[in-house]
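So that the names make sense, note that chain A is the first sequence line, chain B the second, and so on, each numbered from 1. The structure displayed is predicted, hence computed values, not measured ones.
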Amino acid sequence: MFNALQILNTSISNALISLYNLSSVELSFQKTKSDFEGDFTLVTFNLTKPTKQSPDAIGKAIGDYLLLHEPIVEYYNVVKGFLNIGLKSNFWLSYFENIRENSGIGLKAKNSSGKTIMLEYSSPNTNKPLHLGHIRNNLLGFSMAKVLEANGHKVIKANLVNDRGIHICKSMLAWLKLGKGETPQSSKMKGDHLVGKYYVEFDKLYKAEIAELVKQGKSKEEAEKSAPVILEAQQMLQRWESGDKDVIELWKLMNSWVYDGFKETYANIGVAFDKMYYESNTYLLGKELVEEGLTKNVFYKKQNGSVAIDLSNDGLDEKIVLRSDGTSVYITQDIGTAIERFKEFPELQQLIYTVGNEQDYHFKVLFKILEKLGYKWAKECYHLSYGMVELPDGKMKSREGTVVDADDLLQEMYETAERTTSELGKVEGFTEEELKTLYRTISLGALKYFILKVDPKKKMLFNPAESIDFNGNTGPFIQYTYARIKSILRKAEKIEKFDINRIELTPIERELIRTIYDFEAIIEEAAKLYNPSIVANYAYELTKLFNRFYHEFNIIREEDATLKNFRLSLSQSCSHVIQNSMDLLGINVPDRM
RNA sequence: GGUCCCAUAGCUCAACUGGAUAGAGCAACGGUUUUCUAAACCGUAGGUCGCAGGUUCGAGUCCUGCUGGGACUACCA
């Protein structure tokens, strides 16, 4: 009923039939640029060939047709082949009347699409604390889940914890050698940081041994393979795999430290999971599938006994799926876990992996193998690939300690929020507890928005020296605008009934309604493109627009009661959309700040 | 060597997926508060969209080549 594009599309299609006897033509619409008069713009260039008319003539002919036949159209103008169409204020006002009581504008009802999606994200290693790169993963995954839910899908948020492997053994070994029984309690250190400390210690030992061996005349490569400490770590991994009691016990202990730490960080940034997977349970999966793949001739055995798949016809290379000693490689278990998940959740229709773009190739191979094994759902697997977070001097490396630690950053942001807030001095009457919540809301808002406003596909730069801004295109700016609206609504106390037909829209009011109207399409687009930054940029646009409105009119002092209540109601709807769009990003908004 | 990704204002990012005069924020400069929260608003300045071709009525966007940056290419995870 209020789908303007659909209405226009139908009317213009009719116009083309009536005017040129043309049917089934793809029409190209866009939002009218703000420098021109209108709401929607039809691009007419692609119609010149079939109609043999000039763009301007087509625009004029369609425009005239619309004026006669389409009641929602008020006026039109044609500029250089662009047909700008203005809808009647009446259309926008009835739309607004229709949605203004609705606090969930644009959101689809829960599970209304009937589609179930598993979205994997976070998936940390348990040998080190989370850094800014992991934060991007977590925020992106969590937000994407929210966006998909807003489109009516059921989302199972999954976390596959990489809790085993050589890297964990490195931490364990270094702790045994140097730890002197140190625990999170004894050191007053967060568990994941403590384990991470020994991961770095291992690397130091390892590097020293390599240097020593090189000095003795070995090549670097040889040294890396034969350094005693790495051999010891490998041995430890073998003992783990054979179920050695001591190793398993230490592994459990150190992992439990890490989990306590992660739990705290996850709670702090406000992400959650529906389903936890652990690689120690899944790493053997997939081996039996290799057998299946062999009988299907998808895989082949090489002379040395290893099993591989040739993907060179698909633009990829040969990929080993089983070592010559019969053990799995990483992709083997990925094949296994994917299949396992579709068995576990028969209703599953899509599987999304939130993993950095370093693994683009890996997922191409994985999906291709699944396809070749004959799983129909293989084409519903999607790699939500995101770019690395880089520092001014390059990529972050845990081993070398050149990382922005997640917990440190969150703490820093919190302190900045606290300092900025008290400098501005607008929080009289807040309790200690309310202040803490506010600082958290603002600091997380700043960080999350900073990360999510960037297109996930692109790498992004974080400059610790400049930190994250609280002014301009930022989370706190949007939160502030929300608080402003809430303040007005508090002061007004209530919105009285008003006759919408008495309203004459000013340009900015019209633009606000129009922008609210766009929200639904934005949510759909963000899901379609797997891109929360579309929501972030939208929230900013709406917020900026509202601030202009706010400066242009004093809402509370408006003497015309109809106008006043209309503007209050419009402000309220803006607050709903701002709140909902921020919620899709996993960001809270405060009533006061 | 091969494959893939990226390059837009001094800095960080947009550009509705091929459409109009490429837009925001930060930083710089100037203005706005006895009026609903100045974490705001208005204005000025800032661009050979890495370079060179091509396709198209139309290219930041698509194709080719080049330059610069990055990732992947392991019987690592």
Side-chain angles (χ1 to χ4, degrees), chain A residues 28-36 41 43-46 48-49 55 79-82 84 125 162 164-167 279 283 302 304-308 315-317 319-331 333-334 356-362 364 385 387-388 390 394-395 417 420-421 423-424 426 442 446 450 453-455 457-463 466 469-481 483-492 518 521-522 525 529 533-534 537-538 540-541 543-544 547-548 550-558 567-568 571 592-593:
Chain A
S28 160
F29 286 101
Q30 54 184 299
K31 193 173 171 173
T32 303
K33 294 221 166 192
S34 54
D35 322 343
F36 303 92
T41 296
V43 184
T44 61
F45 297 103
N46 58 334
T48 52
K49 266 185 194 157
V79 184
K80 295 202 292 191
F82 294 87
N84 301 318
N125 292 349
N162 187 0
R164 52 138 252 133
I166 188 72
H167 44 287
E279 276 197 12
Y283 80 107
K302 297 183 42 157
N304 59 15
S306 63
V307 179
L316 305 163
D317 294 323
K319 180 76 189 174
I320 297 284
V321 294
L322 210 59
R323 296 190 187 104
S324 50
D325 64 3
T327 56
S328 307
V329 293
Y330 193 74
I331 202 158
Q333 73 155 303
D334 267 356
N357 65 8
E358 311 158 293
Q359 296 198 35
D360 283 355
Y361 181 80
H362 172 80
K364 269 187 202 161
S385 167
M388 299 289 105
E390 289 179 6
K395 210 184 143 184
T420 310
T421 305
E423 273 167 13
L424 291 169
K426 297 180 188 175
I442 296 173
F450 177 81
K453 77 172 177 187
V454 182
D455 185 335
K457 289 194 292 288
K458 298 192 175 175
K459 68 171 184 216
M460 60 177 294
L461 191 111
F462 175 77
N463 188 340
E466 289 172 8
D469 224 305
F470 282 37
N471 299 321
N473 186 359
T474 67
F477 165 66
I478 297 170
Q479 290 172 321
Y480 171 73
T481 305
R484 259 184 162 177
I485 299 175
K486 292 305 261 188
S487 170
I488 296 171
L489 296 174
R490 267 196 308 274
K491 292 206 163 115
D518 285 337
I522 292 289
E525 202 193 343
L529 301 178
S533 80
I534 293 169
N537 287 308
Y538 168 82
Y540 176 63
E541 285 303 319
T543 302
K544 234 182 1 170
N547 274 301
R548 255 172 53 206
Y550 178 94
H551 278 268
E552 198 167 319
F553 301 107
N554 191 309
I555 297 161
I556 287 178
R557 284 196 164 195
E558 175 57 53
R567 286 180 183 155
L568 283 171
S571 302
R592 284 182 62 195
M593 68 183 272

Side chain of [X] - closest among [options]:
X       : options                : result
Y480(A) : U37(B), U73(B), U35(B) : U37(B)
L529(A) : A24(B), U17(B), C72(B) : U17(B)
K49(A)  : C57(B), A20(B), A77(B) : C57(B)
F45(A)  : C16(B), A20(B), G19(B) : G19(B)
V454(A) : C26(B), A14(B), A77(B) : A14(B)
Y540(A) : U73(B), A77(B), A24(B) : A24(B)

Pick the closest RNA chain B nucleotide for Q30(A) and for L424(A) by heavy atoms, then say which residue is nearer the 5' end.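 Nearer the 5' end of the strand: Q30(A).
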
Is there a donor on the side chain of N84(A) or the base of A20(B) sitting less than 3.5 Å from an acceptor on the other?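 For N84(A), whose side chain was compared with the base of A20(B), there is a donor-acceptor pair (under 3.5 Å).
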
Any donor-acceptor pair, under 3.5 Å, between the side chain of T41(A) and the base of A20(B), if you only look at N and O atoms?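 Between A20(B) and T41(A), which were checked side chain against base, a qualifying N/O pair under 3.5 Å is present.
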
How far does the [atom1] atom of [N] sit from the matching atom of [M], given to the nearest Å?
N      : M      : atom1 : value
U48(B) : A59(B) : C1'   : 15 Å
A7(B)  : U12(B) : P     : 13 Å
G18(B) : C76(B) : P     : 42 Å
G25(B) : U44(B) : P     : 12 Å
A52(B) : C57(B) : C1'   : 24 Å
G47(B) : C11(B) : C1'   : 15 Å
G46(B) : A9(B)  : P     : 15 Å
G10(B) : G50(B) : P     : 13 Å

Classify [X] by what it touches in the nucleic acid, base, sugar-phosphate, or nothing, heavy-atom distance under 4.0 Å.
X       : answer
D455(A) : sugar-phosphate
K458(A) : sugar-phosphate
Y361(A) : sugar-phosphate
F82(A)  : base
A492(A) : nothing
M460(A) : sugar-phosphate
E541(A) : nothing
K544(A) : sugar-phosphate

Before we go on, tell me: are the rings of F470(A) and Y480(A) under 6.0 Å apart, centre to centre?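 Judged by ring-centre distance (under 6.0 Å), F470(A) and Y480(A) do not meet the cut-off.
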
Checking side-chain polar atoms at under 3.5 Å, does S385(A) have a donor or acceptor matched by the opposite partner on D360(A)?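 There is such a pair (donor and acceptor under 3.5 Å, judged by atom type) between the side chains of S385(A) and D360(A).
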
Between H362(A) and Y330(A), how do the two ring planes meet: parallel, tilted or perpendicular, split at 30° and 60°?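 Rings of H362(A) and Y330(A): tilted, 30 to 60°.
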
Check: T421(A) side chain, A417(A) main-chain N or O, donor-acceptor pair, under 3.5 Å: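 Pair found, side chain donor or acceptor close to backbone of A417(A).
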
